[in-house]
There are 2 protein chains.
Amino acid sequence: MSSRSHGNASAEAVQRGAVYQMKAEFFRVLGHPVRVRILELLRDGERTVGDLQHELQMDSSGTSQHLGVLRKHGILEGRREGTSVYYTVRDPRIFQLLEVARQILTSSLIESQAVLGELTTRN
Amino acid sequence: MSSRSHGNASAEAVQRGAVYQMKAEFFRVLGHPVRVRILELLRDGERTVGDLQHELQMDSSGTSQHLGVLRKHGILEGRREGTSVYYTVRDPRIFQLLEVARQILTSSLIESQAVLGELTTRN
DNA sequence: CAGTAGTCTTAGAAAGCAATAAGGCAACGC
DNA sequence: GCGTTGCCTTATTGCTTTCTAAGACTACTG
C-alpha cells in the first residue's frame, strides 16, 4: 500500500483527521505553564537541567518529566556534557509562535479591561 | 491594594505564574483536533453551528461543547440570527498562529522523513 | 573503588478532560 | 397554542495527564 492518497475517500478522511490530531497534540504539549516557561527560558540559548530546575523551583523529577515531553515531541534537543545535559529549542519558529500567542492574549486582555472600565465608570 | 506591582517579590512571582498559566490555558484550548478543525473551517468566514456540526460529523452536543470552550476563552464569537447561531474567529492572528504551527510541524516531518530515508537506503 | 552530583525513569495516587446521553430553552411555522 | 428545529447545558462515566515519591543510572572526584 502506497502512502500517497488517490481515490480512496475514507482513507483521505482518516489522513486528514491525523493531521488535526498532530496539530492538536502539538498545542497540547505547549499547554502547560511549566513547559511554556521552559521555552521562554530557552529563548536566550541553551540551559542545563539543573539551571532550569533552579529557575522553575521544581525538583529534578518534575523538571525532567516536562523536558522529556518537549523532547519526545521534537521541540527540544538535549546535549550531554559531563554530568550535565544542555537543552535547546530545535526550531526557533517556536518563539514566533509564543510571540503571536502573547499578542493575541494581550489584546484580549486589553479589550476585557476596556469593558471593565465601562462597567465601573457607568454604574 | 493596587494591581500595580512594586516591592512585593512573591506577589510578582504569583503574577508571573498567572501569565504562564494563561498562555498554557490558551494553548490547551487549541489542543484538541476538533477545535483545530473548527478554527480552520472558520478561516473562510462565519459558519452556523449546524453547518459545522455537519462538516465535523458530530452531534449537536459535542459541537456545542467545543464551540463553548472556544467562546469562553474569547477565541470565538457567536451571533444569533433566528434559530441559527453564526460563529466567527475574533482575532485573525489565530490563523497566523495556526500557520506557524503548520510550518513547524511540516519541517519536523520532513526531517524525520529524511532520517527514515537514510535508515532505509543504508541498511 | 567508594562517594557524590546530575539526570532520568517508574509506579501509584490525584486531578483534569472528553464522550455520551438526556433534557431544556428559544425562535419559528402552522 | 403546539410541534419542530437549532442550539446549549448538565451529569455521568471512562480516559489521559500531572504530581509525588522512590529508586536507578552515569559520569565525574578523591
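Chain letters run A, B, ... following the sequence lines, proteins first, then strands; residues in each count from 1.
Heavy-atom nearest nucleotides on DNA chain D were determined for B/V49 and for A/G62, and the one closer to the 5' end corresponds to B/V49. Nearest-nucleotide positions on DNA chain D place A/V34 closer to the 5' end than the other of A/V34 and A/G82.
The side chain of A/S64 approaches C/dT9 more closely than any other nucleotide in the set C/dT9, D/dC7, D/dT5. For A/Y87, the side-chain atoms get nearest to C/dC8 when compared with the rest of D/dG6, C/dC8, D/dC7. Side chain of B/T48, nearest nucleotide from D/dC7, C/dC17, C/dC8: D/dC7. Among the nucleotides D/dC28, C/dT7, D/dG6, the one closest to any side-chain atom of B/S84 is D/dG6.
Between B/Q21 atom CD and D/dT18 atom C1' there is a gap of 13 Å when expressed in whole angstrom units. In this structure, CG of B/L67 is placed 14 Å from C1' of D/dT9, rounded to the nearest angstrom. Computed from coordinates, the A/R37 CZ to D/dT18 C1' distance equals 18 Å when rounded to whole Å. Rounding to whole angstrom units, CD of residue A/E77 and P of C/dT7 are separated by 17 Å. Protein atom CD of B/E25 is 14 Å distant from nucleotide atom P of D/dT18, rounded to whole Å. If you take CE of B/M58 and P of C/dA18, they are 11 Å apart, rounded to a whole angstrom. Counting to the nearest Å, the C1' atom of D/dC7 and the CG atom of B/L56 are 15 Å from each other. Taking atom CD of residue B/E46 and atom P of nucleotide D/dC7, one finds them 12 Å apart after rounding to whole Å.
Atom CG of A/L56 sits about 9.0 Å away from atom OH of B/Y20, to the nearest 0.5 Å. How far CD of B/Q65 is from OG of B/S60: 9.5 Å, rounded to the nearest 0.5 Å. With rounding to the nearest 0.5 angstrom, the CD1 atom of B/I75 is 5.0 Å from the CG atom of B/L30.
Contact between the side-chain N/O atoms of B/R80 and the OP1/OP2 oxygens of C/dA27 is not found at any separation under 4.0 Å. Residue B/R28 places none of its side-chain N or O atoms closer than 4.0 Å to OP1 or OP2 of D/dT17. In this structure, A/H66 reaches the D/dC19 phosphate: one of its side-chain N or O atoms is under 4.0 Å from OP1 or OP2. Using a 4.0 Å cut-off, no side-chain N or O of A/H54 falls inside it from OP1 or OP2 of C/dG6.
Ion pairing of A/E81 with A/R79 is present here, as a side-chain N (NZ or NE/NH1/NH2) and a carboxylate O approach within less than 4.0 Å.
A/S61 contributes a side-chain N or O that forms a donor-acceptor pair with the base of D/dA21 under 3.5 Å. Side-chain atoms of A/Q65 come within donor-acceptor range of the base of D/dT20, with a qualifying N/O pair under 3.5 Å. No N or O donor and acceptor, one from the side chain of B/T63 and one from the base of D/dC7, sit under 3.5 Å apart.
In this structure, A/Y86 is not a member of the same hydrophobic cluster as A/I94, with clusters built from ILVMFWY side-chain heavy atoms closer than 4.5 Å.
No donor-acceptor distance shorter than 3.5 angstrom exists from the side chain of A/S64 to the backbone of A/S61, with no hydrogens or angles considered.
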